Colleague: 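My questions all concern the structure below.
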Protein chains: 2
Amino acid sequence: MELSERKLRILHSIIDNYINTAMPVGSKAIAAELNMVFSSATIRNDMNDLEQMGFLEQPHTSAGRVPSDRAYRLYVDNMLGEGELSPDEIAFMDRYFKRRIGQTEQVMQNAVNVISSITKYTAMVMPPQYSDVMIRNVQLVSVGIGKALVILVTDVGHWSDNVISVPDDADSEYLFRLSNMLTRIFGGQTLGHFSDMAVDAVRKEMSGQREAFNAILDTIRKHTSPRGRDDIVLSGLSNMLEYPEYRDINKARGFLQTIETKDVLYEMLSHNDNMEISVVIGSENPIDAMRDCSVVTASYRVNGVEQGKIGVIGPTRMNYAKVIKVLDYLGKSLNEIMKDKDDG
Amino acid sequence: MELSERKLRILHSIIDNYINTAMPVGSKAIAAELNMVFSSATIRNDMNDLEQMGFLEQPHTSAGRVPSDRAYRLYVDNMLGEGELSPDEIAFMDRYFKRRIGQTEQVMQNAVNVISSITKYTAMVMPPQYSDVMIRNVQLVSVGIGKALVILVTDVGHWSDNVISVPDDADSEYLFRLSNMLTRIFGGQTLGHFSDMAVDAVRKEMSGQREAFNAILDTIRKHTSPRGRDDIVLSGLSNMLEYPEYRDINKARGFLQTIETKDVLYEMLSHNDNMEISVVIGSENPIDAMRDCSVVTASYRVNGVEQGKIGVIGPTRMNYAKVIKVLDYLGKSLNEIMKDKDDG
DNA sequence: GTTTAGCACTCGAGGGGTAAGAGTGCTAAA
DNA sequence: TTTAGCACTCTTACCCCTCGAGTGCTAAAC
C-alpha cells in the first residue's frame with residue numbers, strides 16, 4: 001500500500017486537527033475540511049488504509065482517528081511548513097533579553113521563561129559547558145587571613161567561586177607573584193585539557209603547599225566537570241496541566257515527578273548527538289517515563305565553541321512547527337547574548 | 001459555651017484523624033478512639049457544640065465533621081505535643097549536609113530538597129539577605145583590557161559578580177592602588193548603610209572615572225537590594241498532587257501556577273515579622289490564592305545577623321507538628337553550615 | 001477500478017433512578 | 001448529663017437506557 005497524495009493530505013489534516021483539539025478526528029470533519037471534494041466514505045477508506053499502515057489509531061470502534069507517533073514523525077520530517085514566527089512573537093522574545101543582564105543564571109532563567117510562555121509547554125535549559133575554553137589568566141586575591149580567592153579568566157568570561165587556604169603569612173605581594181606564575185603556566189591552555197607538563201610545573205613551584213595546589217587544580221577542573229542535573233533550569237511546569245492529556249491527576253503527578261527530579265531530563269539533555277535540533281516523539285524516547293510526551297531540544301553555541309541545550313517538553317500532539325522555530329530563534333539569541341558576557 | 005476538657009479531646013481527635021485520612025470524621029469513630037468512655041451520642045452533642053463555636057464544619061448533612069481553620073489555629077497554638085523528630089529523620093537530614101558544599105545556592109537547594117522529601121509537602125527557601133554585613137575589603141582584578149572584576153569581601157563571605165570598565169591603560173599596579181583606596185574608605189561600613197561621606201570620598205578620588213565609580217557602587221548595593229522572586233528555591237511541587245485536596249486538576253493547576261510564578265511566595269517570604277516560626281492557616285492568609293493551604297515559615301540567621309527564610313506549603317490539614325520541628329531543626333542546621341562559608 | 005450513498009452496527013457519554021451506607025439530630029428515658 | 005433508639009438526609013455507586021458520533025460493509029454509480 002502506498003501513501004497517495006490524497007492520503008497524505010488526509011493525514012496532514014487529521015494531525016492538524018488533533019493538535020488543535022485533542023479530540024479524535026472523524027471522516028466527516030476531514031471531508032468538510034477538504035471542501036467536500038471527496039465524500040466521507042472515500043476518506044473513511046483512506047483512513048482505514050492509513051490505520052493499516054500504522055499512521056492512525058482508533059481509541060475505540062466508534063471514535064474518530066488519532067495520529068500515531070509514526071504519523072507525527074512523518075509530519076515533523078516532511079510536512080512542516082516554512083512559515084515564520086509572527087513579528088509579535090519575535091518582539092516578545094527579544095523584549096525578554098533587552099535589559100542588561102550579567103549572570104549566566106539570569107540569562108538561562110529568562111530563556112526558559114520565554115520559551116515556556118510562548119509555546120505554552122514546559123521548557124528546560126542546560127547551561128553551557130566550557131571544556132574547550134581557553135584560560136587567559138589565573139588570579140589569587142586575599143579574602144582574609146590564610147584565605148585566597150581563585151579567579152579564573154577565560155575566553156568566555158570568568159569565574160571566581162573557590163576559596164583556598166594559603167599560608168597565614170601570605171601577603172598580597174606573595175599572592176601577586178603566585179598569580180603571575182599560574183597565569184604564565186596555565187595561560188593558553190584549555191579548561192578541559194591542560195597539559196600534564198603545566199601541572200607538573202606548578203606542582204614544582206608550589207611544593208610545600210600541596211593543599212593550595214590541589215585546590216587550584218580543582219577550581220580549574222570544576223568548570224569542565226559534567227554539569228549535574230541540578231544545573232538544569234525549568235519553567236512552565238504548570239502549563240502541562242492545561243492539556244487534556246494530563247486531566248488524570250495520576251498522570252499529571254507522574255509527569256511532574258519525573259520532570260522535577262531532573263534525572264531523566266539530564267539524561268536527555270546530556271546526550272550529545274550534535275544535532276542542531278532534535279525531535280523525539282513519544283514512544284521513540286528510550287526513557288520509559290517520557291514515552292507519552294515529545295521532547296524537542298536544540299543546541300546553542302557560544303562563540304561557536306562550547307554548548308548547552310534548550311528544550312521543550314509537551315504532549316505528542318504538540319505544535320512541532322512552532323516549537324522548532326522558537327527553539328531555533330532562541331538558540332541564536334543565546335549565542336548573541338552569551339558572546340560577550342562577563343560572568344561571576 | 002465553653003471548651004470543656006472533653007470537647008478539647010474530641011476536637012484534638014478529630015483533627016488528628018482528619019490530618020491522616022482527609023475524610024470527614026464521624027461521632028462513632030471518635031467514640032471508638034476514646035475507648036467508648038462516652039457514647040457516640042454524647043460525642044455528637046459535643047460535636048454540635050464545637051460546630052456552633054466555629055471549630056468544626058460539615059461538608060453536608062450526613063457527613064462527618066471537618067476541622068475549621070480556627071480549629072487548626074487552636075491546635076497549633078495549644079495542642080502541639082512536645083514529641084521529637086525520630087533519630088532516623090535527624091540522620092536523614094544531617095546526611096544531606098554532610099558533603100562539603102561551597103555554593104550558597106547548593107546549600108539552599110539541599111535545604112529545600114530535604115524539607116520537601118521529609119515532610120512530603122512543597123518546600124521553599126529564601127536565600128539570606130546581607131544588608132547588615134560589614135565590608136572588609138574591596139578588590140579590583142583585571143580580567144582583560146579595560147575590564148576589571150569587583151570583589152567584595154565581607155564578614156560572611158565574598159562576592160565577585162560584577163565586571164566594570166576601567167581605562168584601557170589601567171595596569172595591575174593601578175588597580176592595586178585603587179583597591180587599597182576603596183578598602184580604606186568602605187572597610188568597616190555595612191553593605192546596607194555605608195555613609196554618604198564614604199561615597200563622596202570615593203567620588204572625589206575617582207573623579208574622571210564616573211562610570212567605573214558608579215559601577216562599583218552598584219556592586220555594593222546589589223547585595224543589599226531586596227532579593228527578587230527568582231531567588232526563591234522550590235522543591236516538592238509534585239508532592240501536593242498526592243493529596244486529595246488537589247484531586248481536581250483545576251485546583252492543582254491553579255496551585256502550581258501561583259507557586260511557580262513565585263510572586264505570591266515572595267510576598268509571603270519577604271514579610272518580615274521577626275518570628276522564629278510563623279504558621280499561617282488557610283483563610284488567615286491575606287493572599288487569596290493561598291487561602292486553601294497553610295504556610296509555615298521559619299527564619300534562619302547566619303552568624304546571628306542577616307537572615308533568610310525557609311518554609312513549607314501544604315494542605316490546611318498538614319502535619320503541623322512535624323513541619324514545625326523540621327523547619328526548626330533545619331533553620332539551626334543552616335546557621336551552622338552557613339556560618340563559616342565562603343561564597344562565590 | 002474508484003468513488004459514493006445507504007445502512008446496520010458499535011461504543012462511549014450522559015441522564016435518571018435506585019439502593020446502600022454513613023452520619024446526623026431529635027426525643028425520651030436512664 | 002448521658003445514652004439508646006429511630007427517623008431523616010445526603011452522597012456514592014451502580015445500573016440501565018438513550019443518544020449521537022463514527023465506523024465498516026455492501027451495492028450501486030461513475
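All heavy atoms count here, side chains included; hydrogens, waters and symmetry mates do not. We name chains A, B, ... by the order of the sequence lines, and we start the count at 1 in each one. Worth saying up front: this structure is predicted, and the values here are computed from it rather than measured.
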Colleague: Report yes if some heavy atom in the side chain of A/Tyr75 is under 4.5 Å from a heavy atom in the side chain of A/Met79; otherwise report no.
Modeller: yes
Colleague: Figure out the CD1/P separation between A/Ile43 and C/dT3, and round it to whole Å.
Modeller: 10 Å
Colleague: Please classify the nucleic acid contact of A/Asn45 as base, sugar-phosphate, or nothing, using heavy-atom distances under 4.0 Å.
Modeller: base
Colleague: Would you call B/Glu89 and B/Lys322 a salt bridge, taking side-chain N to carboxylate O under 4.0 Å as the test?
Modeller: yes
Colleague: Measure the distance from NZ on B/Lys28 to C1' on D/dG5 and round it to the nearest whole Å.
Modeller: 12 Å
Colleague: If you assign B/Asp46 and A/Ala63 each to the DNA chain D nucleotide with the nearest heavy atom, which residue ends up on the more 5' nucleotide?
Modeller: B/Asp46
Colleague: Report the nucleotide, chosen from D/dT3, D/dT2, D/dG20, that has the shortest atom-to-atom distance to any side-chain atom of B/Ser39.
Modeller: D/dT3
Colleague: Any N or O donor-acceptor pair linking the side chain of B/Thr61 to the base of D/dC10 at under 3.5 Å?
Modeller: no
Colleague: Starting at atom CE of B/Met23, determine the distance to atom P of D/dT11, rounded to an integer number of angstrom.
Modeller: 15 Å
Colleague: Ignoring the backbone of B/Gln58, work out which of C/dT4, C/dG25, D/dG24 is nearest its side chain.
Modeller: C/dG25
Colleague: Without decimals, in angstroms, what is the distance between A/Leu34 CG and C/dT3 P?
Modeller: 13 Å
Colleague: Starting at CG of A/Leu50 and ending at P of D/dT23, how long is that distance when rounded to a whole Å?
Modeller: 12 Å
Colleague: Between B/Asn48 and C/dT24, is there a side-chain N or O to OP1/OP2 distance below 4.0 Å?
Modeller: no
Colleague: Check for me whether B/Arg317 meets the cation-pi criterion with B/Tyr72, that is, NZ or CZ under 6.0 Å from the six-membered ring centre and within 45 degrees of the ring axis.
Modeller: no
Colleague: Taking 4.0 angstrom as the limit, do A/Glu242 and A/Lys120 come out as a salt bridge?
Modeller: no
Colleague: So A/Ser27, base contact, sugar-phosphate only, or nothing? Heavy-atom distance under 4.0 Å.
Modeller: sugar-phosphate
Colleague: Which one, D/dG22, C/dT24, C/dA5, comes nearest to the side chain of A/Ser62?
Modeller: D/dG22
Colleague: Atom CZ of B/Arg65 to atom P of C/dT24: distance rounded to whole Å?
Modeller: 6 Å
Colleague: Rounded to whole angstrom units, what separation is found between the CE atom of B/Met47 and the C1' atom of C/dA22?
Modeller: 12 Å
Colleague: Whole angstroms only, please: what is the CD-C1' distance between B/Glu57 and C/dG23?
Modeller: 17 Å
Colleague: Among C/dT3, D/dT3, D/dG24, which nucleotide sits nearest the side chain of A/Thr42?
Modeller: C/dT3
Colleague: With a 4.0 Å cut-off, would you call B/Arg73 and B/Asp69 a salt bridge?
Modeller: no
Colleague: Go through C/dT4, C/dT24, C/dT3 for me and flag the one nearest to the B/Arg44 side chain.
Modeller: C/dT24
Colleague: Both distances under 3.5 Å, Watson-Crick or G-U wobble: report the partner of C/dT27, or none.
Modeller: D/dA4
